[in-house]
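Below is one structure, written out as structure tokens, with a few remarks after it.
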Amino acid sequence: MATSRPRLSAVLLAAGVGSRLGCPKALLRMPDGTPLIAEQSRRMAAVEPLESIVVLGARAGSAVPLVPHGVRTVICEDWARGLSASLRAGLSAAAAGAPSAVLVMLADLVDVPATAHARLAGAVVNGTARPPAEALARCAWNGHPGHPVVFGAGLLEAVMASASGDTGARRYLREHAAQTVAIECADLLAPGMSGGFDIDTREAAEQRGMRIPAPEKGVEAHG
């Protein structure tokens with residue numbers, strides 16, 4: 001009997017308020033004006049996802065219109081509890097679609113190319129990272145573990161249970177480092193780029209030419 005090809009869902013975490021940046025990262029735009037969450041969704045499409053999900057939180061009302069057509073929006077109401085809250089919201093939403101595994105990406109890692117998503121997903125689908133439902137794999141950048149990360153469907157409950165505060169899945173990944181398959185992707189980076197470079201401050205945003213929206217007076221954080 002023929003078996004169906006394993007399929008991944010893709011989750012982009014973009015719920016934070018961006019306290020050091022001065023605005024939610026979901027509202028950032030690329031140098032050409034493209035919304036950051038639209039560009040990151042495009043890159044995640046390289047995994048040919050069963051479903052693409054963007055998790056929003058802070059000023060969600062302003063961010064929702066920036067989400068591309070065909071990408072599902074999930075609002076994390078308790079985003080202020082930290083990255084763990086948005087991770088649980090995203091994984092829970094993805095699990096409902098019964099994927100073989102879920103790829104998780106952070107919105108502010110702007111240097112990670114679509115080809116890295118594709119390479120990681122390919123390793124999972126081809127069984128390099130164990131059977132897809134039990135896969136635990138992540139991109140590595142010159143030997144340093146990073147994002148995106150893939151969690152097999154059979155691991156999702158444990159990942160969500162271990163998440164706490166603003167550390168997301170860090171504890172789970174640390175405790176299961178020996179079982180995690182690292183897929184080296186540094187060779188895919190453009191010159192001067194870094195797989196671990198994140199947009200946490202205005203200085204970092206300016207370094208990559210990102211456009212920061214003007215403050216909105218009278219807009220509550222959950223927007």
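These numbers come from the heavy atoms of this one structure, side chains and all, not from hydrogens, waters or symmetry mates.
- Here the side chain of Asp111 pairs no donor or acceptor atom with the backbone of Met193 at under 3.5 angstrom.
- Taking 4.0 Å as the cut-off between side-chain N and carboxylate O, Asp108 and Arg208 do not count as a salt-bridged pair.
- A pairwise comparison of heavy atoms in Val55 and Cys76 identifies CG1-CB, 3.9 Å as the closest pair.
- The backbone N or O of Thr201 sits nowhere less than 3.5 Å from a side-chain atom of Glu206 that would complete a donor-acceptor pair.
- Shown here is Arg119, whose CZ atom has more than 12 heavy atoms of other residues, nucleotides or ligands within 6.0 Å.
- Within a 6.0 Å sphere centred on CZ of Arg202, heavy atoms belonging to other residues, nucleotides or ligands number 12 at most.
- Here Asp200 pairs with Lys25 in a salt bridge; the nearest charged N to carboxylate O distance falls below 4.0 Å.
- Hydrophobic clustering, with ILVMFWY side chains joined whenever heavy atoms are under 4.5 angstrom apart, keeps Val104 apart from Val110.
- The CD atom of Glu157 sits 14.5 Å away from the CZ atom of Phe151 when rounded to the nearest 0.5 Å.
- Residues Leu13 and Val54 are not in side-chain contact: their nearest non-hydrogen atoms beyond the backbone lie 4.5 Å or more apart.
- Contact record, Cys23 with Ile212: SG-CG2, 3.9 Å, taken as the closest heavy-atom pair.
- Distance alone, capped at 3.5 Å, is enough to place a donor-acceptor pair between the His117 side chain and the Pro113 backbone.
- Atom CZ of Arg88 is separated from atom CG of Leu156 by 13.5 Å, given to the nearest 0.5 angstrom.
- Rounding to the nearest 0.5 angstrom, the gap separating the CD atom in Gln179 from the CG atom in Leu136 is 7.5 Å.
- Looking at Arg138 and Leu173, their side chains come closer than 4.5 Å, going by heavy atoms from C-beta outward.
- The OG atom of Ser84 lies 11.0 Å from the CZ atom of Arg170; values are rounded to the nearest 0.5 Å.
- Annotation for Glu175: atom CD counts as buried by contact number, over 12 foreign heavy atoms lying within 6.0 Å.
- When every heavy atom of Ala94 is checked against every heavy atom of Ser9, the shortest pair comes out as CB-CB, 4.2 Å.
- A heavy-atom distance below 4.5 Å is found between the side chains of Val67 and Leu56.
- Between Thr34 and Arg29, every side-chain heavy-atom pair lies at or beyond the 4.5 Å cut-off.
- Of the possible polar contacts, one joining the Arg7 side chain to the Pro49 backbone as a donor-acceptor pair under 3.5 Å is found.
- Of the possible donor and acceptor atoms, one in the side chain of Thr167 sits under 3.5 Å from a partner among the backbone N and O of Ser164.
- Separating the OG atom in Ser41 from the CG atom in Leu12 is a distance of 5.5 Å, to the nearest 0.5 Å.
- Distance alone, capped at 3.5 Å, is enough to place a donor-acceptor pair between the Arg43 side chain and the Val112 backbone.
- Side chains of Asp198 and Leu106 form no contact here, defined as non-hydrogen atoms less than 4.5 Å apart.
- Of the inter-residue distances, the one linking Glu39 atom CD with Leu66 atom CG reads 13.5 Å to the nearest 0.5 angstrom.
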For this session: Show the numbers, then the answer: is there a side chain to side chain contact (heavy atoms under 4.5 Å, CB included) between Leu103 and Val11?
Result: CA-CA 6 Å; Leu103 178 144; Val11 173; over 6 Å; no
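- Note: the hydrophobic cluster containing Met44 does not contain Met30 (ILVMFWY, side chain heavy atoms under 4.5 Å, direct or indirect links).
- Residues Ala205 and Leu21 share a closest heavy-atom pair of CB-CD1, 4.0 Å.
- Of the possible donor and acceptor atoms, one in the side chain of Glu184 sits under 3.5 Å from a partner among the backbone N and O of Ala186.
- Of all non-hydrogen atoms in Pro99 and Leu8, the two that sit nearest each other are CB-C, 4.4 Å.
- Placement of Val124 and Leu50 in two distinct hydrophobic clusters is found when ILVMFWY residues are connected by side-chain heavy-atom separations under 4.5 Å, directly or transitively.
- With Gln40 contributing its side chain and Ala107 its backbone, the two residues share a donor-acceptor pair below 3.5 Å.
- Note: the hydrophobic cluster containing Leu83 does not contain Leu28 (ILVMFWY, side chain heavy atoms under 4.5 Å, direct or indirect links).
- Counting all heavy atoms, side chain and backbone alike, Ile183 lies closest to Ala123 at CD1-CB, 3.7 Å.
- With contacts defined as side-chain heavy-atom distances shorter than 4.5 Å, the pair Leu109/Ile199 does not qualify.
- Note on Met160: it clusters hydrophobically with Met105, by side-chain heavy-atom contacts below 4.5 Å among ILVMFWY residues.
- Side-chain atoms of Ser92 never come within 3.5 Å of backbone atoms of Ala89 as a donor-acceptor pair (strictly under, hydrogens ignored).
- With hydrogens and angles disregarded, a donor-acceptor distance shorter than 3.5 Å links the side chain of Trp141 to the backbone of His147.
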